[in-house]
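Order of the sequence lines fixes the chain letters, A, B, ..., with proteins taken first and strands second; residue numbering starts at 1 for each chain.
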2 protein chains.
Amino acid sequence: MAPAAKKILIADDEPDILEIITYNLQLHGYDVVTAKDGDQAIQKARETNPDLIILDIMMPKKNGIEVCKILRGQPAFDNTLIVFLTALNDELSHVKGLEFGADDFISKPISPKVMVSKVNAFFRRVAKPEDSKAVEVGELRIEPEEYMVYYKGVPISLAKKEFELLNYLASKPGRVFLRNEILNQIWGSEVIVGDRTIDVHIRKIRQKLGVDCITTVKGVGYKFDI
Amino acid sequence: MAPAAKKILIADDEPDILEIITYNLQLHGYDVVTAKDGDQAIQKARETNPDLIILDIMMPKKNGIEVCKILRGQPAFDNTLIVFLTALNDELSHVKGLEFGADDFISKPISPKVMVSKVNAFFRRVAKPEDSKAVEVGELRIEPEEYMVYYKGVPISLAKKEFELLNYLASKPGRVFLRNEILNQIWGSEVIVGDRTIDVHIRKIRQKLGVDCITTVKGVGYKFDI
DNA sequence: TTGGGTTGTTTACACAAAGTTAACATCTGA
DNA sequence: TCAGATGTTAACTTTGTGTAAACAACCCAA
């Protein structure tokens with residue numbers, strides 16, 4: 001199994017640019033989500049929880065800097081890379097952007113090739129070792145390296161999707177994950193599966209663990225809580 | 001009887017130099033991987049997990065020092081030797097390189113012969129005890145020096161690939177190894193073998209040992225567990 | 001050199017587990 | 001209470017793995 005593809009959200013109001021960049025990033029194995037204005041960028045960022053967000057500065061509804069400011073105000077995006085697309089020599093934007101927590105800048109115009117290698121570079125820079133860190137909550141221990149879960153020391157083996165789902169939910173105990181977020185994270189943004197798929201997996205996890213550590217939040221999603 | 005070939009990654013932007021060095025190192029039994037720029041070096045380092053990385057200082061995309069800096073930031077390369085190829089008397093590079101965790105320098109120009117003996121010297125210097133360390137888990141003992149396995153004291157002889165595979169998995173009991181990781185480690189990065197090859201070898205190991213100490217994690221890989 | 005044995009790889013197929021869907025039951029909050 | 005959301009179950013589809021058998025490469029001894 002390859003590790004899940006890195007997810008990138010690109011927000012730009014020019015459809016052509018959006019399309020070219022999307023195509024090239026997808027070619028290199030990235031999972032790409034697009035937005036055509038600031039509001040949409042914020043919405044999609046919430047829905048898909050990307051690893052990297054590329055924001056054009058000049059956009060309708062909300063400009064890139066406003067979007068960045070809003071996202072940086074939310075704990076969910078603490079570990080998300082945010083970079084700006086700016087016109088060359090736009091010093092003012094640079095200054096403002098850094099103020100609001102951007103991680104870097106990409107100057108326009110830019111070739112798709114350069115864009116891809118820049119994106120690769122971003123991910124190298126933040127290559128997280130924590131991907132494989134064990135989570136321990138109460139009597140429950142989740143060991144990503146072993147693909148195993150222990151409850152009161154008793155090993156419980158979950159199937160791949162079950163494990164990924166539990167591990168995802170347990171990554172932030174107490175926080176509610178929307179059904180959409182879960183779908184995007186575990187199944188990817190391209191895959192389309194039915195409404196009941198998540199429920200069934202949740203059910204299997206509850207069954208295997210014996211404890212109900214997953215709480216349903218009706219109309220919203222699920223959360224891990226013990 | 002020989003332990004698995006040492007893997008060396010060489011990054012240099014001059015194809016001629018790359019070819020000559022590669023040829024000579026291969027002659028001496030090393031498994032050589034090449035890269036023609038900094039980005040590729042990082043990528044291949046991740047993919048192939050070499051024992052020694054030789055970096056030209058002057059390279060496109062990223063220079064050797066940048067590459068070194070990035071790799072040293074990752075736990076996976078803690079035990080990897082990194083040496084630089086530098087022009088004679090390039091003191092500045094030396095200083096910078098050491099700062100970022102290089103293990104040594106090789107001055108250009110250098111003859112293939114000298115290169116090979118230097119490489120041999122590197123490996124002698126770090127002759128890892130773990131290569132020849134017996135692994136013992138439960139009733140199972142793995143003796144890398146003898147290429148032998150003992151179960152409850154009874155000697156069991158495995159074929160080369162079988163032994164390497166078991167030894168690899170047993171190096172971290174409980175941890176799941178992805179099929180890709182296994183392929184890269186046991187078969188090498190260049191070799192392309194079919195999907196079923198791993199399974200067959202796993203099967204032979206299970207058969208010969210009599211105990212099922214290898215657990216399948218469907219869709220992920222295998223792990224050693226007893 | 002030859003030929004048998006060993007090791008490694010591929011192929012083809014069977015099978016079991018995982019994942020998904022659909023249909024229906026149940027719950028919950030306005 | 002009732003509609004919408006979720007839980008449950010079983011059937012179905014897909015995927016990945018196990019296995020046997022054949023083939024290829026290699027080694028070694030006669």
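Atom CG in B:Asp195 sits roughly 9 Å away from atom P in D:dG16 (whole-Å rounding). A straight line from CD1 of A:Ile198 to C1' of D:dT8 spans 16 Å, rounded to a whole angstrom.
Applying a 4.0 Å cut-off to non-hydrogen atoms, the residues of residues 204-218 of chain A that approach DNA chain D are A:Arg206, A:Thr216, A:Lys218, listed by residue number.
Taken over five-pair windows at either terminus, the axes of the helix from C:dT1-D:dA30 to C:dA30-D:dT1 are inclined to one another by 30° (rounded to 10 degrees).
At least one donor-acceptor pair closer than 3.5 Å links the side chain of B:Gln40 to the backbone N or O of B:Lys36. Under a 3.5 Å cut-off, the side chain of A:Lys62 and the backbone N or O of A:Ile42 do not form any donor-acceptor pair. Judged by distance alone, the side chain of A:Glu164 and the main-chain N or O of A:Lys161 form no donor-acceptor pair under 3.5 Å.
Under the 4.5 Å side-chain criterion, counting only non-hydrogen atoms from C-beta, A:Ile142 is in contact with A:Phe163. A:Thr197 places a side-chain heavy atom less than 4.5 Å from the side chain of A:Trp187.
Toward the 5′ end of DNA chain D lies the nearest nucleotide of A:Gly219, the other residue of the pair A:Arg203 and A:Gly219 mapping further downstream. Heavy-atom distances to DNA chain C give each of B:Ser157 and B:Val193 a nearest nucleotide, and the one nearer the 5′ end belongs to B:Ser157. The residue among A:Gly221 and A:Val200 whose nearest nucleotide of DNA chain D lies closer to the 5′ end is A:Gly221. Between B:His201 and A:Arg196, the residue whose closest nucleotide on DNA chain C is further toward the 5' end is B:His201.
Pairs engaging residues 173-187 of chain A under the salt bridge (charged side-chain N to carboxylate O under 4.0 Å, His left out) rule: A:Arg175-A:Glu181, A:Arg179-A:Asp199 [sequence neighbours left out].
Where DNA chain C meets chain A (any atom under 4.0 Å from a heavy atom), the bounding nucleotides read 5' to 3' are C:dA18 to C:dT28.
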Give me the distances for all protein-to-nucleotides 23-29 of chain D N/O pairs that come in under 3.5 Å?
none

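A search for salt bridge (Lys or Arg N to Asp or Glu O under 4.0 Å) contacts involving B:Lys61 returns B:Asp37, not counting sequence neighbours.
Taking the six-membered ring for Trp and thresholds of 30 and 60 degrees, A:Tyr168 and A:Phe177 have ring planes inclined between 30 and 60 degrees apart.
Closest of all the heavy-atom pairs between A:Val33 and A:Lys44 is CG1-CD, 3.6 Å. Across all non-hydrogen atoms, the minimal contact from A:Ala41 to A:Leu55 is CB-CD2, 4.3 Å. Heavy-atom minimum distance, B:Val32 versus B:Gln26: CG2-CG, 3.8 Å. Between B:Lys223 and B:Gly174 the shortest heavy-atom distance is CD-O, 3.2 Å. The two residues B:Leu169 and B:Phe224 come nearest to each other via the heavy atoms O-CB, 3.4 Å.
Contact between the side-chain N/O atoms of A:Tyr222 and the OP1/OP2 oxygens of D:dA5 is not found at any separation under 4.0 Å. Remark: A:Arg179 is in phosphate contact with D:dT6, judged by side-chain N or O atoms under 4.0 Å from OP1 or OP2.
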